There are 2 protein chains.
Amino acid sequence: MKGLGELERSIMDILWAQDAPLTAREVGRLIADRDLAPTTVMTVLDRLTRKGFLTRTRDGRAWRYEPGASRDAYVAELMLEALDMTGDRSAALTRFAQTVSGSEADILRKALTELEEE
Amino acid sequence: MKGLGELERSIMDILWAQDAPLTAREVGRLIADRDLAPTTVMTVLDRLTRKGFLTRTRDGRAWRYEPGASRDAYVAELMLEALDMTGDRSAALTRFAQTVSGSEADILRKALTELEEE
DNA sequence: CGGGTAGTACTACGTCGTGTAGAGGCCCAT
DNA sequence: ATGGGCCTCTACACGACGTAGTACTACCCG
(Lines give C-alpha, C1' and ligand atoms only; values in the text may rest on other atoms or scores of the structure.)
Protein backbone atom coordinates (compact mmCIF):
# COMPACT_ATOMS: atom_id res chain seq x y z
CA MET A 1 0.00 0.00 0.00
CA LYS A 2 0.97 3.58 -0.17
CA GLY A 3 0.34 6.54 2.09
CA LEU A 4 -2.10 9.24 1.18
CA GLY A 5 -1.51 12.94 0.66
CA GLU A 6 -3.20 15.64 2.62
CA LEU A 7 -6.07 16.28 0.25
CA GLU A 8 -6.45 12.63 -0.54
CA ARG A 9 -6.87 11.88 3.12
CA SER A 10 -9.42 14.65 3.60
CA ILE A 11 -11.46 13.22 0.81
CA MET A 12 -11.18 9.71 2.13
CA ASP A 13 -12.31 11.02 5.50
CA ILE A 14 -15.41 12.45 3.94
CA LEU A 15 -16.23 9.26 2.15
CA TRP A 16 -15.48 7.12 5.17
CA ALA A 17 -17.89 9.22 7.19
CA GLN A 18 -20.69 8.62 4.71
CA ASP A 19 -22.74 5.49 4.31
CA ALA A 20 -23.85 6.15 0.78
CA PRO A 21 -21.61 6.63 -2.24
CA LEU A 22 -21.13 10.28 -3.22
CA THR A 23 -20.61 12.04 -6.51
CA ALA A 24 -17.66 14.32 -7.09
CA ARG A 25 -19.91 17.33 -6.79
CA GLU A 26 -21.21 16.19 -3.45
CA VAL A 27 -17.73 15.61 -2.14
CA GLY A 28 -16.76 19.05 -3.35
CA ARG A 29 -19.65 20.56 -1.48
CA LEU A 30 -18.67 18.78 1.72
CA ILE A 31 -15.11 19.96 1.47
CA ALA A 32 -16.20 23.51 0.76
CA ASP A 33 -13.86 25.08 3.30
CA ARG A 34 -11.00 24.57 0.90
CA ASP A 35 -12.64 26.17 -2.10
CA LEU A 36 -11.31 23.77 -4.67
CA ALA A 37 -12.08 23.68 -8.35
CA PRO A 38 -14.49 20.86 -9.16
CA THR A 39 -11.92 19.30 -11.45
CA THR A 40 -9.47 19.11 -8.58
CA VAL A 41 -11.87 16.98 -6.60
CA MET A 42 -12.50 14.80 -9.61
CA THR A 43 -8.82 14.32 -10.25
CA VAL A 44 -8.19 13.25 -6.70
CA LEU A 45 -11.17 10.93 -6.69
CA ASP A 46 -9.81 9.44 -9.86
CA ARG A 47 -6.38 8.90 -8.40
CA LEU A 48 -7.82 7.35 -5.28
CA THR A 49 -9.81 4.98 -7.45
CA ARG A 50 -6.77 4.04 -9.45
CA LYS A 51 -4.89 3.39 -6.23
CA GLY A 52 -7.62 1.06 -5.12
CA PHE A 53 -8.95 3.11 -2.22
CA LEU A 54 -12.27 3.84 -3.89
CA THR A 55 -14.78 2.02 -6.01
CA ARG A 56 -17.02 3.89 -8.38
CA THR A 57 -20.28 3.04 -10.03
CA ARG A 58 -22.27 4.91 -12.62
CA ASP A 59 -25.24 7.01 -11.69
CA GLY A 60 -26.56 8.57 -14.85
CA ARG A 61 -23.72 10.59 -16.28
CA ALA A 62 -21.99 10.86 -12.96
CA TRP A 63 -19.86 8.49 -10.93
CA ARG A 64 -20.55 7.65 -7.34
CA TYR A 65 -17.52 6.96 -5.22
CA GLU A 66 -17.33 4.68 -2.24
CA PRO A 67 -14.44 3.48 -0.08
CA GLY A 68 -13.20 0.01 -0.86
CA ALA A 69 -12.35 -0.65 2.75
CA SER A 70 -13.30 0.86 6.08
CA ARG A 71 -11.03 3.35 7.70
CA ASP A 72 -10.34 0.90 10.47
CA ALA A 73 -9.19 -1.69 8.01
CA TYR A 74 -6.97 0.88 6.38
CA VAL A 75 -5.45 1.94 9.67
CA ALA A 76 -4.93 -1.65 10.73
CA GLU A 77 -3.19 -2.34 7.47
CA LEU A 78 -0.93 0.66 7.88
CA MET A 79 -0.01 -0.61 11.31
CA LEU A 80 0.78 -4.04 9.97
CA GLU A 81 2.85 -2.48 7.27
CA ALA A 82 4.88 -0.60 9.83
CA LEU A 83 5.29 -3.85 11.66
CA ASP A 84 6.58 -5.53 8.53
CA MET A 85 9.41 -3.11 8.45
CA THR A 86 11.19 -4.63 11.33
CA GLY A 87 13.17 -7.82 11.44
CA ASP A 88 11.98 -8.59 14.92
CA ARG A 89 8.21 -8.35 14.91
CA SER A 90 7.98 -9.66 18.40
CA ALA A 91 10.13 -6.89 19.83
CA ALA A 92 8.23 -4.23 17.93
CA LEU A 93 4.89 -5.60 19.04
CA THR A 94 6.00 -5.69 22.63
CA ARG A 95 7.25 -2.19 22.34
CA PHE A 96 3.99 -1.12 20.82
CA ALA A 97 1.97 -2.72 23.59
CA GLN A 98 4.08 -0.89 26.13
CA THR A 99 3.71 2.43 24.42
CA VAL A 100 -0.04 2.42 24.04
CA SER A 101 -2.01 4.23 26.73
CA GLY A 102 -3.67 2.35 29.54
CA SER A 103 -7.19 2.53 28.20
CA GLU A 104 -6.00 1.46 24.82
CA ALA A 105 -4.20 -1.45 26.37
CA ASP A 106 -7.54 -2.45 27.81
CA ILE A 107 -9.14 -2.32 24.42
CA LEU A 108 -6.41 -4.50 23.01
CA ARG A 109 -6.73 -6.97 25.85
CA LYS A 110 -10.43 -7.21 25.34
CA ALA A 111 -10.13 -7.74 21.61
CA LEU A 112 -7.49 -10.39 22.13
CA THR A 113 -9.53 -12.17 24.74
CA GLU A 114 -12.53 -12.31 22.50
CA LEU A 115 -10.38 -13.67 19.76
CA GLU A 116 -9.23 -16.45 21.99
CA GLU A 117 -12.74 -17.49 22.83
CA GLU A 118 -13.69 -18.23 19.30
CA MET B 1 7.47 11.97 12.10
CA LYS B 2 7.86 11.20 8.48
CA GLY B 3 8.36 8.01 6.55
CA LEU B 4 11.69 7.09 5.07
CA GLY B 5 12.65 6.49 1.47
CA GLU B 6 14.05 3.27 0.17
CA LEU B 7 17.72 4.13 0.50
CA GLU B 8 17.19 5.92 3.76
CA ARG B 9 15.61 2.84 5.20
CA SER B 10 18.41 0.60 3.98
CA ILE B 11 20.91 2.80 5.70
CA MET B 12 18.91 2.93 8.87
CA ASP B 13 18.72 -0.85 8.76
CA ILE B 14 22.47 -1.05 8.62
CA LEU B 15 22.91 1.30 11.51
CA TRP B 16 20.20 -0.34 13.56
CA ALA B 17 21.96 -3.66 13.11
CA GLN B 18 25.21 -2.26 14.47
CA ASP B 19 26.06 -1.58 18.07
CA ALA B 20 28.81 0.89 17.41
CA PRO B 21 28.51 4.16 15.48
CA LEU B 22 29.75 3.95 11.91
CA THR B 23 31.42 6.40 9.58
CA ALA B 24 29.99 7.17 6.17
CA ARG B 25 32.68 5.11 4.57
CA GLU B 26 31.87 2.11 6.70
CA VAL B 27 28.21 2.38 5.90
CA GLY B 28 29.09 2.62 2.24
CA ARG B 29 31.13 -0.54 2.50
CA LEU B 30 28.26 -2.41 4.14
CA ILE B 31 25.84 -1.32 1.46
CA ALA B 32 28.24 -2.29 -1.29
CA ASP B 33 25.66 -4.20 -3.30
CA ARG B 34 24.21 -0.94 -4.52
CA ASP B 35 27.47 0.57 -5.67
CA LEU B 36 26.76 4.09 -4.55
CA ALA B 37 29.06 7.05 -4.74
CA PRO B 38 30.50 7.88 -1.32
CA THR B 39 28.90 11.29 -1.44
CA THR B 40 25.51 9.70 -1.89
CA VAL B 41 25.89 7.85 1.36
CA MET B 42 27.07 11.01 3.06
CA THR B 43 24.15 13.01 1.77
CA VAL B 44 21.66 10.50 3.02
CA LEU B 45 23.35 10.22 6.39
CA ASP B 46 23.19 13.96 6.60
CA ARG B 47 19.51 14.08 5.78
CA LEU B 48 18.75 11.38 8.29
CA THR B 49 20.61 13.36 10.91
CA ARG B 50 18.72 16.49 10.08
CA LYS B 51 15.47 14.56 10.33
CA GLY B 52 16.45 13.39 13.78
CA PHE B 53 16.89 9.72 13.02
CA LEU B 54 20.63 9.78 13.57
CA THR B 55 23.07 11.37 15.94
CA ARG B 56 26.62 12.03 14.89
CA THR B 57 29.79 12.61 16.79
CA ARG B 58 33.22 13.55 15.59
CA ASP B 59 35.95 11.00 15.20
CA GLY B 60 38.97 12.81 13.90
CA ARG B 61 37.93 14.36 10.62
CA ALA B 62 35.10 11.93 10.15
CA TRP B 63 31.65 11.70 11.67
CA ARG B 64 30.32 8.61 13.30
CA TYR B 65 26.60 8.04 12.91
CA GLU B 66 24.33 6.28 15.31
CA PRO B 67 20.55 5.80 15.45
CA GLY B 68 18.74 8.07 17.83
CA ALA B 69 16.14 5.46 18.61
CA SER B 70 15.87 1.72 18.23
CA ARG B 71 14.12 0.26 15.28
CA ASP B 72 11.45 -1.10 17.54
CA ALA B 73 10.74 2.32 18.91
CA TYR B 74 10.54 3.66 15.39
CA VAL B 75 8.16 0.95 14.29
CA ALA B 76 6.01 1.39 17.37
CA GLU B 77 5.84 5.09 16.68
CA LEU B 78 4.82 4.51 13.09
CA MET B 79 2.08 2.25 14.30
CA LEU B 80 0.85 4.85 16.74
CA GLU B 81 0.91 7.41 14.03
CA ALA B 82 -1.26 5.26 11.83
CA LEU B 83 -3.55 4.86 14.77
CA ASP B 84 -3.78 8.60 15.19
CA MET B 85 -5.23 8.88 11.76
CA THR B 86 -8.53 7.46 12.74
CA GLY B 87 -11.33 9.07 14.64
CA ASP B 88 -12.17 5.87 16.41
CA ARG B 89 -8.97 4.51 17.91
CA SER B 90 -10.83 1.80 19.71
CA ALA B 91 -12.28 0.36 16.52
CA ALA B 92 -8.95 0.50 14.76
CA LEU B 93 -7.16 -1.18 17.63
CA THR B 94 -9.75 -3.92 17.77
CA ARG B 95 -9.43 -4.41 14.09
CA PHE B 96 -5.69 -4.54 14.39
CA ALA B 97 -5.84 -7.14 17.13
CA GLN B 98 -8.09 -9.25 14.97
CA THR B 99 -5.86 -8.96 11.96
CA VAL B 100 -2.63 -9.93 13.61
CA SER B 101 -1.59 -13.58 13.32
CA GLY B 102 -2.14 -16.00 16.15
CA SER B 103 1.41 -16.10 17.39
CA GLU B 104 1.59 -12.35 17.27
CA ALA B 105 -1.61 -12.13 19.24
CA ASP B 106 0.15 -14.23 21.86
CA ILE B 107 3.04 -11.85 21.95
CA LEU B 108 0.70 -8.94 22.42
CA ARG B 109 -1.18 -10.74 25.17
CA LYS B 110 2.00 -11.49 26.98
CA ALA B 111 3.27 -7.93 26.75
CA LEU B 112 -0.06 -6.60 27.96
CA THR B 113 -0.18 -9.03 30.85
CA GLU B 114 3.27 -8.02 31.97
CA LEU B 115 2.26 -4.42 31.76
CA GLU B 116 -0.66 -5.06 34.03
CA GLU B 117 1.49 -6.65 36.69
CA GLU B 118 3.62 -3.60 37.22
C1' DC C 1 -34.13 23.34 -31.73
C1' DG C 2 -30.20 25.87 -29.53
C1' DG C 3 -27.68 27.09 -25.63
C1' DG C 4 -26.53 26.69 -20.86
C1' DT C 5 -25.23 23.19 -17.41
C1' DA C 6 -23.25 19.30 -15.35
C1' DG C 7 -20.35 15.80 -15.83
C1' DT C 8 -16.32 13.40 -17.88
C1' DA C 9 -11.52 12.56 -19.73
C1' DC C 10 -7.16 14.33 -20.69
C1' DT C 11 -3.38 17.32 -20.00
C1' DA C 12 -0.50 20.38 -17.43
C1' DC C 13 2.31 22.73 -14.15
C1' DG C 14 4.59 23.87 -9.69
C1' DT C 15 6.48 21.97 -5.53
C1' DC C 16 8.53 18.84 -2.56
C1' DG C 17 10.92 14.58 -1.14
C1' DT C 18 14.29 11.39 -2.41
C1' DG C 19 18.07 9.02 -5.01
C1' DT C 20 22.09 10.17 -6.88
C1' DA C 21 26.32 12.48 -7.41
C1' DG C 22 29.93 16.22 -8.78
C1' DA C 23 33.03 20.27 -7.30
C1' DG C 24 35.80 22.24 -4.29
C1' DG C 25 38.06 22.78 0.22
C1' DC C 26 40.75 21.14 4.24
C1' DC C 27 43.93 18.29 6.78
C1' DC C 28 47.16 14.53 7.75
C1' DA C 29 50.74 11.30 6.49
C1' DT C 30 54.51 10.38 3.64
C1' DA D 1 54.31 19.86 -0.81
C1' DT D 2 51.27 16.46 -2.57
C1' DG D 3 47.81 13.12 -2.72
C1' DG D 4 44.11 10.64 -0.61
C1' DG D 5 40.31 10.78 2.45
C1' DC D 6 36.53 13.19 4.33
C1' DC D 7 33.54 17.15 4.53
C1' DT D 8 30.22 20.74 2.87
C1' DC D 9 27.53 22.67 -0.75
C1' DT D 10 25.15 22.49 -4.78
C1' DA D 11 22.64 20.23 -8.38
C1' DC D 12 19.62 17.51 -11.11
C1' DA D 13 16.13 14.07 -12.48
C1' DC D 14 11.99 11.75 -11.22
C1' DG D 15 7.79 10.65 -9.15
C1' DA D 16 3.86 11.92 -6.03
C1' DC D 17 0.54 15.23 -5.00
C1' DG D 18 -2.18 19.62 -5.03
C1' DT D 19 -4.34 22.23 -8.16
C1' DA D 20 -6.67 23.42 -12.22
C1' DG D 21 -7.70 24.42 -17.36
C1' DT D 22 -9.59 22.69 -21.78
C1' DA D 23 -12.26 20.15 -24.63
C1' DC D 24 -16.07 16.94 -25.43
C1' DT D 25 -20.78 15.05 -24.49
C1' DA D 26 -25.38 14.53 -22.92
C1' DC D 27 -29.41 16.61 -21.11
C1' DC D 28 -32.93 19.98 -19.74
C1' DC D 29 -35.26 24.49 -20.40
C1' DG D 30 -37.36 27.75 -22.89
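Note that the structure is a prediction, hence the values are computed from the model and not measured. All values below were derived from every heavy atom in this structure, side-chain atoms included, with hydrogens, water molecules and symmetry-related copies excluded. The chains referred to below are lettered A, B, ... by the order of the sequence lines, with proteins before strands, and numbering in each begins at 1.
- The separation between B:Ile31 atom CD1 and C:dG19 atom C1' is 11 Å, rounded to whole Å.
- Across the interface with DNA chain D, nearest-nucleotide mapping of A:Thr40 and A:Gly3 shows A:Gly3 to be the residue nearer the 5′ end.
- Under the 3.5 Å distance criterion, the side-chain polar atoms of B:Arg109 are matched with a main-chain donor or acceptor of A:Leu112.
- Atom CG of B:Asp35 has 12 or fewer heavy atoms from other residues, nucleotides or ligands within 6.0 Å.
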Inset, instruction - Mark up nucleotides 3-16 of chain C, 5' to 3', with B wherever a protein heavy atom is under 4.0 angstrom from a base atom, S wherever such an atom reaches only the sugar-phosphate, and - elsewhere. - result: ---BSBB--B----

Legend entry - B:Glu26/B:Thr23 under side chain to side chain contact (heavy atoms under 4.5 Å, CB included): CA gap, chis, key distance, verdict: CA-CA 5 Å; B:Glu26 287 164 346; B:Thr23 64; 3.3 Å; yes

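- Between the CD atom of B:Glu6 and the C1' atom of C:dG19 there is a distance of 10 Å, given to the nearest Å.
- To the nearest angstrom, P of C:dT18 lies 13 Å from CE of B:Met12.
- Among the protein residues, B:Arg34 comes within range of the sugar-phosphate backbone only, with heavy atoms under 4.0 Å from sugar or phosphate atoms but none that close to a base.
- For the pair B:Lys51 and C:dT18, the criterion of a side-chain N or O lying under 4.0 Å from OP1 or OP2 is met.
- The distance from atom CG of B:Asp59 to atom C1' of C:dC27 is 15 Å, rounded to the nearest whole Å.
- Among the atoms of the strands shown, none is found under 4.0 Å from any heavy atom of A:Gly28.
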Inset, instruction - Determine, step by step, whether B:Thr49 and B:Tyr65 satisfy the side chain to side chain contact (heavy atoms under 4.5 Å, CB included) criterion, reporting the C-alpha distance in whole Å, the side-chain angles of both residues, the deciding distance to 0.1 Å, and the verdict. - result: CA-CA 8 Å; B:Thr49 305; B:Tyr65 295 86; 3.3 Å; yes

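- Taking atom CG of residue A:Leu48 and atom C1' of nucleotide D:dT19, one finds them 14 Å apart after rounding to whole Å.
- Between the CZ atom of B:Arg50 and the C1' atom of D:dT10 there is a distance of 12 Å, rounded to whole Å.
- The distance from atom CG of B:Asp35 to atom P of C:dT20 is 10 Å, rounded to the nearest whole Å.
- A 6.0 Å sphere centred on NZ of A:Lys51 holds more than 12 heavy atoms belonging to other residues, nucleotides or ligands.
- Put simply, CG on A:Leu45 is 15 Å from P on D:dA20, counting in whole angstrom units.
- Of the listed residues (A:Arg9, A:Arg56, A:Met12), just one forms a side-chain contact (heavy atoms from CB on, under 4.5 Å) with A:Leu48, and that residue is A:Met12.
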Show every donor-acceptor pair shorter than 3.5 Å between a side-chain atom in residues 78-87 of chain B and any protein atom, with sequence neighbours excluded, or say none if there are none.
{"residue": "B:Asp84", "atom": "OD1", "partner": "B:Arg89", "partner atom": "NH1", "Å": "2.4"}
{"residue": "B:Thr86", "atom": "OG1", "partner": "B:Asp88", "partner atom": "N", "Å": "3.4"}

